[in-house]
Amino acid sequence: MSDLVSAKSTAEIIKKYDFSIQKKFGQNFLIDEHVLDKIIDAAQIDVAYGVIEIGPGLGTMTRRLAALSKKVVAIEIDRQLIPILSDTLSDCDNVKVINADVMKTDLGSLIDEEFGDMPVKVVANLPYYITTPIVMSLLEGRFAIESITIMIQKEVAERMRAVPGSKDYGALSLAVGYYADAYIAANVPPNCFMPRPKVGSCVIRLNVRKEPFVSVRDEKQMFALIRGAFNQRRKTLVNAVANYEGLSYKKEEIEEALKKLDLSPSIRGEALDLQQFAALSDILT
Ligand code: SAM
């Protein structure tokens, strides 16, 4: 099975089909073979696996995934790419392309219907305009997915796996850490794509936890507390949460709860880890 991953073959396909690249869909096609190898290595796919690819584009990565796995279901929003994909994937009989917006796709039913008993992984070079909503819906959906290996903006990847006290630490780090264990597999410069994105990229792998990292009485309430704590980053947690519209805790209640956890009333949200947010939320709820 031959590879399409090069500037030359990407340019040829674009020309052959008179394809116009859609910025609004975050189309930056991967043209570097070493980077493709890194994503594939990080994903650790084998013939037992079913793979969901979000945004197959011209089918570059899809071909590799098809060669390694049992079945690939690729979800692509851009109608223009569907005839191109039937051509570039014509020799891959274990690929199903679905023309849909992943944000409007019922992934739970798709997994049941398309993969049956197969273990499932997600692998994608994600469109950057919608990275966080896609990742959060994959995690919050609690689907039967083992891992999510994705190319995303470097800055977002750093926020996803940041630790308390660091400048990148925030609501996204806590949300991702609750559902998954994240590690960065590669840094990828803009010249590995056509057209070049304005930002640097990273391949990040999220190993989805079987159970969330902490147990908390009211998950929604904890995430509201976290959003409140980081809503005004420079304020103390007490002030930020008390001012947050989504919650109605009084300052004294929050101070009292912090005291029970032996935490200072002047502490900032960025100093608390997931266990501490869970404990604080349980006291306040
Ligand atoms: N996988 C290809 C590659 O690596 O060269 C293309 C990656 S490109 C960064 C992102 C792809 O996601 C594009 O093909 C784009 O059309 C598609 N896409 C954008 N928004 C989408 C959505 N909401 N649902 C499904 N696919 C989407």
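Reckoned from all heavy atoms, side chains included, excluding hydrogens, waters and symmetry mates. As the structure is a computational prediction, the values presented were derived from the model and not from experiment. Both ligands and their constituent atoms are indexed starting at 1 by order of listing.
- Taking all heavy atoms of M151, R79, E76 into account, the minimum distance to atom 16 (O) of ligand 1 is reached by E76.
- Applying the 4.0 Å criterion to heavy atoms of L126 picks out, from ligand 1, the atoms 9 (C).
- Of all protein heavy atoms, the one lying nearest to atom 27 (C) of ligand 1 is I77 CG2, 3.4 Å.
- Residue nearest to atom 24 (N) of ligand 1, selected from I31, N125, I134, V102: V102 (by heavy-atom distance).
- Residue A100 approaches ligand 1 through these ligand atoms, each under 4.0 Å from one of its heavy atoms: 24 (N), 25 (C).
- Among all non-hydrogen protein atoms, the one lying nearest atom 5 (O) of ligand 1 is L30 N, 2.9 Å.
- For the residue pair N94 / K70, no side-chain donor-acceptor distance below 3.5 Å is found, with atom types taken as modelled.
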Please assess T131 against Q153 for the test side chain to side chain donor-acceptor pair (under 3.5 Å), listing each intermediate value before the final yes or no. CA-CA 8 Å; T131 302; Q153 305 94 300; 3.0 Å; yes
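- The main-chain N or O of A162 is never found under 3.5 Å from a side-chain atom of S166 such that the two would form a donor-acceptor pair.
- With L284 as the fixed residue, the side chain to side chain contact (heavy atoms under 4.5 Å, CB included) test singles out one of L258, L225, D218: L225.
- Here the protein heavy atom with the shortest distance to atom 23 (N) of ligand 1 is D101 OD1, 2.9 Å.
- Inclusion of M103 in the set of residues having an N or O under 3.5 Å from an N or O of ligand 1 is not warranted.
- Salt-bridge formation is detected for the pair D37/R64: a Lys NZ or Arg NE/NH1/NH2 atom is positioned less than 4.0 Å from an Asp or Glu carboxylate oxygen.
- Contacts between Y129 and ligand 1, counted as non-hydrogen atom pairs separated by less than 4.0 Å, involve the side chain only.
- In summary, the atoms of ligand 1 found under 4.0 Å from a heavy atom of E53, numbered by their order in the structure, are 1 (N).
- Protein heavy atom in closest approach to atom 8 (S) of ligand 1: G26 O, 3.5 Å.
- The single protein non-hydrogen atom nearest to atom 19 (C) of ligand 1 is F25 O, 3.1 Å, given as residue, atom name and distance.
- Atom numbering of ligand 1 starts at 1 in the shown order; those under 4.0 Å from a heavy atom of L81 are 14 (O).
- The N/O atoms of D78, backbone and side chain alike, include none that comes under 3.5 Å of an N/O atom in ligand 1.
- Between Y178 and F223, the distance from one ring center to the other falls under 6.0 angstrom.
- Near I75, the atoms of ligand 1 lying under 4.0 angstrom from a non-hydrogen atom of the residue are 25 (C), 26 (N).
- Counting only N and O atoms by type, the side chains of Y244 and Q232 include no donor and acceptor under 3.5 Å apart.
- Contact check on E255 versus K259 returns no salt bridge, with no Lys/Arg side-chain nitrogen under 4.0 Å from an Asp/Glu carboxylate oxygen.
- Side-chain contact of N207 with R205: a donor-acceptor pair under 3.5 Å is present, judged by distance alone.
- At least one N/O-N/O distance between G55 and ligand 1 falls below 3.5 Å.
- Close approach of ligand 1 to N28 is summarised as follows: ligand atoms under 4.0 Å from at least one heavy atom of the residue are 7 (C), 8 (S), 9 (C).
- Atoms of ligand 1 found under 4.0 Å from any heavy atom of P56, numbered from 1 in the order shown, are 1 (N), 2 (C).
- M160 is listed as a side-chain neighbour of V135, based on a closest heavy-atom distance under 4.5 Å.
- Set against the non-hydrogen atoms of Q27, the atoms of ligand 1 under 4.0 Å away are 13 (C), 15 (C), 16 (O).
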